[in-house]
Amino acid sequence: MKIYNTLSGKKEELQTLKPHRVNMYVCGPTTYNLIHLGNARPLVVFDTVRRYLKHRGYEVTYIQNFTDVDDKIIKRAWEEQTDPLELASHYIEEYFIDADALGIDRADIHPRVSQHIEDIIATITGLMEKGYAYEVDGNIYYRVRAFADYGKLSGRSVEEMFSGARVEVDERKEEPADFALWKKAKPNEPSWHSPWGEGRPGWHIECSVMATKYLGETIDIHGGGADLIFPHHENEIAQAEAYTGQPFVKYWMHNGFITVNSEKMSKSLGNFFVLRDILAKYPADVIRYYLIATHYRSPLDFDDSKLEEARKALGRLKTTLTLTREFVDDEPEITELTVAGKALLEKTHELEQKFNEAMDDDFNTAMAMGFLFELSRLLNSFMADQDRREPAARTAVKNAAEIFMELLSVLGIIIERDTNDEQYVNLLLKLLLDLRNLARQEKDYALSDAVRDRLNGLNVKVEDNPEGSRFRYEVSPAVDELLEYILAIRQESKAQRQYARADWIRDNLQENGIILEDTREGVRWKFADA
RNA sequence: GGGCGGGUGGCGAAGAGGCUAACGCUGUGGUCUGCAAAAUCACCAUUCACCGGUUCGAAUCCGGUCCCGCCCUCCA
């Protein structure tokens, strides 16, 4: 299995420190607002890396931090007249709402800076003792010149750094490139006691300290966005390696950026899309699909049409899943396979193999998905010309579909949604009332009464008054049951060749986001936006 | 200015020396179907920014040119 290592600029064979174990650390967000789509990319990418490593039999320890002490948090808290740590805590909760929706598995540990001040002070003290850091008036700086390997990750020389004009100029530092390990407290800032007085950690030290604390002096994989390569990850290396004397990270992985109209999505340009807003418009699995349909190191240009395309493409895979479930049904009959069934399974295993090979090559999700689509077509065409009444055919589909489903779940691109949304309940009830009124106009009192009785049976009261009808319920009826009833009415209409009524039902549902598809054996429904 | 990465069909996106340039979306035609949808089958790049070179053979390697993005400052 190969991983592109930013440190060497090449794909390298993965050799973990301990066999069958991977320790990975991923830089998490600074929690001072809701995350945007750009922030979501590394979440999904590294979650997928983690899932695949597990799929390949590795035991993965996954750490993702929260930066909850930071200039931006302090600034925001001051603007909102609240406590910085409370603000950070609040946005950590908000973060989990979004991350959970996207199906991001929780890290084994989510350490926060504010809970590791003692460890950070100990590390800074050690760095000072070894001559890698110095104090200036309550501030501690890292002496970049003392670390010979400085610049090895970002590919720039120390001299280049020193001559760089854009580095923050601070007369008190020995060199312009030196960076803060500890910042002296300013009035009204969160601060902690230290040997150098009141203060707080600099940005970079937290990751060196927390990564080594939980994963050891050398870790297997460290991930993050490409913009963290310099200075953040460069500085993490300088700190950790100077302190421990050991190589800090074996494999550095960095995801590419999301752009909008070919410009980087960023706060300063104002072209960012808050993930919460996108989640309101598109299902989480569509967003997840979109984010890994392109290789993780490539740039990704965003606009609404891309999500729409992702929705349709993923819909194809979901349709196959639906079709296989219909085809197999629940009977666990196992039978000898036919020649065609054997061929199906053989090809399925081939595609599974190819899927794994693609993922083994630096997590090529784009290529791996290509094989998923091929598997999808394979299954669909098998089902199209086989008879589902044949146990052998069902057995073959069942076995192949299990593999299909497993690969989908490695990528995390199927997230089952909760169908019992009140919005749909009300919409279906309204449709039933409309249908009932239509029946009454047509003097089909048998139907109109049947509808009312059925609704009463579901504990929904129907009230007729001069302005029309309305419904009331205390306990929400289930979407499934309502739909089942509506579809039964439609089947009855079709049987009586009342196509106008049947089509009225279908059109009405479609306008409200539920699509009906007639098949030889009945009807199936699905959400239009899924 | 320095450091990375990239330009592949109408669109998105794989491929990194040699099988018909994956896969998805869109489009066209056929099958199925009360109609619709879904599914299925077929078709849709002699060509991979441009110009040279290496090679029996180049999207793929080398040199040059033109564009584009990112980093060098907080940023995923």
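Below, chains carry the letters A, B, ... as their sequence lines are ordered, and counting in each starts from 1.
The side chain of A/A313 approaches B/G24 more closely than any other nucleotide in the set B/G34, B/C75, B/G24. In the set B/A14, B/C25, B/A39, the nucleotide with an atom closest to the side chain of A/H295 is B/A14.
Contact between the side-chain N/O atoms of A/K264 and the OP1/OP2 oxygens of B/C71 is found at a separation under 4.0 Å. Regarding contacts with the backbone of B/A14, a side-chain N or O of A/S298 is found under 4.0 angstrom from either OP1 or OP2. For B/A37, the OP1/OP2 oxygens have no side-chain nitrogen or oxygen of A/W525 closer than 4.0 Å. Between A/N364 and B/G15 there is a side-chain polar atom (N or O) within less than 4.0 angstrom of OP1 or OP2.
Every salt bridge (charged side-chain N to carboxylate O under 4.0 Å, His left out) that A/E189 has, sequence neighbours left out, goes to A/R200.
The aromatic rings of A/H110 and A/F66 lie parallel to each other, with less than 30° between the two planes, well short of the 60° mark. The aromatic rings of A/Y142 and A/F147 lie perpendicular to each other, with more than 60° between the two planes, well past the 30° mark.
Shown for residues 501-511 of chain A: residues whose heavy atoms fall under 4.0 angstrom of RNA chain B, namely A/D503, A/R506.
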Protein-nucleotides 19-23 of chain B N/O pairs closer than 3.5 Å?
from: B/A22; atom 1: O2'; to: A/E374; atom 2: OE2; distance (Å): 3.3

Verify side chain to side chain donor-acceptor pair (under 3.5 Å) between A/S208 and A/E236, making sure each step is shown before the conclusion. CA-CA 5 Å; A/S208 303; A/E236 277 187 51; 4.8 Å; no

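Between A/Y424 and A/F527, the distance separating the two ring centers is shorter than 6.0 angstrom.
Applying the 5.5 angstrom centroid cut-off and the 30 degree plane-angle cut-off, the aromatic ring of A/F257 is not stacked upon the base of B/G69.
As judged by a 4.0 angstrom heavy-atom cut-off over every strand, A/L43 is placed among residues making no nucleic acid contact.
For B/U65, the paired nucleotide is B/A49, the pair qualifying as Watson-Crick or G-U wobble because both relevant distances are below 3.5 Å.
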